[in-house]
Amino acid sequence: MYCIFPLSPNSASIRARKRPKPFSALYELRRLCLGRGHGGIVYEGTRKSDGLKVAIKFFRKSLERQRFIHVPGHNEPLVSQVAVNLMLQKPDRCPNIVALLDWFEEDNIYILVLEYPYPCLSMKDFLEIEHLSEDQARPLMRQAVNAAQHCIDHNICHGSLEIRNMLINVQTMTLMFIDFGRADLASTWGKPDPKHPDPRSGIPGPTWVEPGGESWGRGHAVADTVCCLGKLLLHTRSGRRTLYQCYFTTEDRAEIEELGLTEECLDLINRSVFAPPPDRPTIEEFLDHEWFKQG
């Protein structure tokens with residue numbers, strides 16, 4: 001069972017993790033900034049032991065914002081970005097999610113050492129260069145669905161599943177999810193934070209109510225994830241900045257219908273993006289849609 005603990009100044013979880021060697025002895029940091037994530041910045045680096053190219057993310061400790069999750073096998077709760085990455089790798093990892101290779105806790109910051117699928121582009125940058133056909137988009141969408149299902153199966157909701165938080169290796173055409181800075185447990189997804197009463201999930205439409213009567217949980221997380229997958233499918237076909245936004249309006253829907261999409265593609269987008277959360281397909285139903293059976 002995974003439990004969430006609020007961060008407090010006296011929490012044992014903020015004590016420095018004992019390591020045989022410091023970060024600087026194991027990794028070399030380069031000046032190339034790869035990007036900025038939720039509350040953090042990512043640089044290119046190398047592992048000194050074997051020269052492996054890695055991505056190194058730094059983010060500050062914050063007593064106001066950070067959450068901690070207890071992960072089986074660890075005596076103390078771990079900061080959520082570390083916890084969810086570890087949870088996603090047990091008992092096995094997904095090739096479509098960037099792996100956490102190592103992590104460090106220092107006085108004021110956390111350091112995550114991550115897999116770097118070089119050479120790569122963010123999905124956002126890739127789609128500004130490449131205009132994909134539906135047949136070209138289909139294998140990428142299958143990879144995205146695989147990563148999304150892996151997250152839910154491991155009780156994780158990504159929380160910010162946008163094209164800027166996906167990478168594509170331009171040599172292998174492997175799609176990978178990155179930046180779990182807003183991720184949380186799927187089992188409590190959408191539950192209001194006492195310190196920040198607005199729901200963590202940004203799903204439009206009527207309130208989702210779980211069978212047990214609570215307006216948060218796994219069903220809410222699945223609905224959020226499926227909506228994001230539908231938006232990804234739309235972006236692979238539109239390739240236009242005008243459609244890069246959190247929500248879509250009726251006017252956007254009319255514009256989408258002018259993109260020349262097949263009937264099956266348009267139906268899948270409508271079901272996953274525009275339908276109210278309780279009416280959206282599950283991730284399994286999304287992948288079982290007729291659109292994936294074409295080509």
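In this chain, numbering begins with 1 at the start of the sequence shown.
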Co-membership, hydrophobic cluster, residues V42 and L121, 4.5 Å side-chain: no
Partners passing side chain to side chain contact (heavy atoms under 4.5 Å, CB included) against E284 (at least two apart in sequence or in another chain): Q149, T282
Parallel, tilted or perpendicular, as decided by the 30° and 60° cut-offs, for the rings of F59 and Y110: parallel
Residues K57 and D179 bridged, charged N to O under 4.0 Å: yes
Ring centroid separation H154 to H150 under 6.0 Å: yes
Sub-4.5 Å side-chain heavy-atom contact between H158 and T225: no
Any pair counted as salt bridge (Lys or Arg N to Asp or Glu O under 4.0 Å), so long as it reaches residues 148-157, sequence neighbours left out: none
Ring pair (Phe, Tyr, Trp, His ring centres under 6.0 Å) partners of F126, counting only residues at least two apart: none
Partners meeting side chain to side chain contact (heavy atoms under 4.5 Å, CB included) with R138 (sequence neighbours left out): E134, D135, R142, W291, F292, Q294
same_hphob_cluster(Y118, I56) at 4.5 Å side-chain heavy-atom cutoff: no
With N108 via side chain to side chain contact (heavy atoms under 4.5 Å, CB included) - residues at least two apart: none
Residues in salt bridge (charged side-chain N to carboxylate O under 4.0 Å, His left out) contact with R60, at least two apart in sequence or another chain: none
Any residue meeting side chain to side chain donor-acceptor pair (under 3.5 Å) with Y27, in chain and number order, not counting sequence neighbours: D102
Value rounded to 0.5 Å, distance of CG in N155 from CH2 in W189: 11.5 Å
Results of side chain to side chain donor-acceptor pair (under 3.5 Å) for S122 - residues two or more places apart only: D125
Ring geometry between F23 and F58 (parallel below 30°, tilted from 30 to 60°, perpendicular above 60°): perpendicular
Residues that T46 engages under side chain to side chain donor-acceptor pair (under 3.5 Å), provided they are two or more places apart: none
Which donor-acceptor pairs under 3.5 Å do side chains of residues 82-91 form with protein atoms, sequence neighbours excluded?
unit_1	atom_1	unit_2	atom_2	d
N85	ND2	Q81	O	2.6
Q89	OE1	L100	N	2.6
Q89	NE2	L100	O	3.4

Residues forming a salt bridge (charged side-chain N to carboxylate O under 4.0 Å, His left out) with D267, sequence neighbours excluded: R271
Pairing of E28 and K53 as salt bridge, 4.0 angstrom limit: no
Whether R218 side chain and A186 backbone form a donor-acceptor pair below 3.5 Å: no
Residues in side chain to side chain contact (heavy atoms under 4.5 Å, CB included) contact with L52, at least two apart in sequence or another chain: R47, D50, V54, L101
Gap separating the OG1 atom of T262 from the CG atom of L268, nearest 0.5 angstrom: 9.5 Å
Atom pair CG (N96) and CE (M166), whose distance is rounded to the nearest 0.5 Å: 11.0 Å
Option among L140, I163, T174 that satisfies the side-chain contact (heavy atoms from CB on, under 4.5 Å) test with I168: L140
Residue N75 excluded, over 12 heavy atoms near CG under 6.0 Å: no
Any donor-acceptor pair under 3.5 Å from R182 side chain to G159 backbone: no
